[in-house]
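This report refers to the structure that appears directly beneath it.
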Amino acid sequence: AMLRLRLLTWDVKDTLLRLRRPVGESYAAEARAHGLQLRPPALSQAFREAYGAQSRRFPNYGQDQGLSSRQWWLDVVGQTFRLAGVQDDSIVTLMAENLYRDYCSAQNWEVLPGASETLSRCRQRGFHMGVVSNFDNRLEKILSQCDLRHHFEFVLTSEAAGFAKPDRRIFEEALRLGGVPPGQAAHVGDDYTRDYRAARAVGMHGFLLRAAGQGEEPAVPREHVLPTLGHLLALIEK
């Protein structure tokens, strides 16, 4: 039976957009511009440590503790370079500000294969469309720069919502913005816990983008798994 869906919500990172290169490579290139030779793998490892510690200490960009998401990110980037051995604070500050700006643009992000086509086809079929993403307030600009923003009626970030996936409240807010009951909505994403399971917990349908053989997560019914985004409409219209 064809699903009676009216609203599709979308995760962004690794569903619609991905980083063009590993974080360590971008950070190493920025360091080189200041005469510093740093190894990309060491920077990627330092970034994971800094990001993890910051996320635990200040969840969802530190909103509840009065941080701005910009300051949250500047601290993560600065700490990444410090962990990698850079001691000059003025250079660290400059590199952090440059990278914060660079990650706002299409130079660091690329559209995943099939994403533009799938979004266009979903809109042509008349679906309401929105974004539900654990992201800071740069997301609107990034989506515009990557020529995806026009597909969506709303872009709901965890920063704007005040809650991050898998918190049910970010999905409830998306349903309110979309003006549909959960049974008429589906969420598309690549993370089992934050996207698939969380959307289903509020009564939405869920589609999990998962490349063949990827992921050891609990079993997901085959008709909910997308080997590529191009499979979505066929599954909806079965």
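Everything numeric in this text was worked out from a predicted model, so none of it was measured.
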Acceptor/donor pairs from residues 29-37 side chains to any protein atom, 3.5 angstrom cut, sequence neighbours excluded:
{"from": "Glu30", "atom 1": "OE2", "to": "His34", "atom 2": "NE2", "distance (Å)": "2.8"}
{"from": "Glu30", "atom 1": "OE2", "to": "Asn98", "atom 2": "ND2", "distance (Å)": "2.9"}

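- The salt bridge (Lys or Arg N to Asp or Glu O under 4.0 Å) contacts involving residues 116-134 comprise Arg125-Glu237, where partners must be two or more places apart or lie in separate chains.
- Glu172 meets the salt bridge (charged side-chain N to carboxylate O under 4.0 Å, His left out) test with Arg168; sequence neighbours excluded.
- Evaluation of the salt bridge (charged side-chain N to carboxylate O under 4.0 Å, His left out) rule for Arg200 yields no partner, not counting sequence neighbours.
- Residues that satisfy the side-chain contact (heavy atoms from CB on, under 4.5 Å) test with Arg194, not counting sequence neighbours, are Asn134, Lys165, Pro166, Asp191.
- Applying the ring pair (Phe, Tyr, Trp, His ring centres under 6.0 Å) criterion to His224, with sequence neighbours excluded, gives Tyr196.
- Interatomic distance, Leu233 CG to Leu8 CG, rounded to the nearest 0.5 Å: 8.0 Å.
- Proximity of Leu38 to Val86: side-chain heavy atoms (C-beta onward) are separated by under 4.5 Å at one or more points.
- With sequence neighbours excluded, the residues forming a side-chain contact (heavy atoms from CB on, under 4.5 Å) with Pro41 are Arg39, listed by chain and number.
- Among all heavy-atom pairs drawn from Gly162 and Gln63, the shortest one is CA-OE1, 3.3 Å.
- The aromatic rings of Phe47 and Tyr27 stand perpendicular to each other, their planes meeting at an angle above 60°, with 30° marking the opposite boundary.
- Legend: salt bridge (Lys or Arg N to Asp or Glu O under 4.0 Å) pairs involving residues 141-164, not counting sequence neighbours, sorted by first then second residue: Glu140-Arg149.
- Residues meeting the side-chain hydrogen bond (donor to acceptor under 3.5 Å, both in side chains) test with Arg48, sequence neighbours left out: Gln45.
- In this structure Trp72 satisfies the ring pair (Phe, Tyr, Trp, His ring centres under 6.0 Å) test together with Tyr51, Tyr61, sequence neighbours excluded.
- For Phe207, the ring pair (Phe, Tyr, Trp, His ring centres under 6.0 Å) criterion is met by no residue, not counting sequence neighbours.
- A search for salt bridge (charged side-chain N to carboxylate O under 4.0 Å, His left out) contacts involving Arg82 returns Asp89, not counting sequence neighbours.
- Checking side-chain atoms of Asp195 against main-chain N and O of Asp190 turns up a donor-acceptor pair under 3.5 Å.
- Counting non-hydrogen atoms of other residues, nucleotides and ligands closer than 6.0 Å to CZ of Arg222 gives a total of 12 or fewer.
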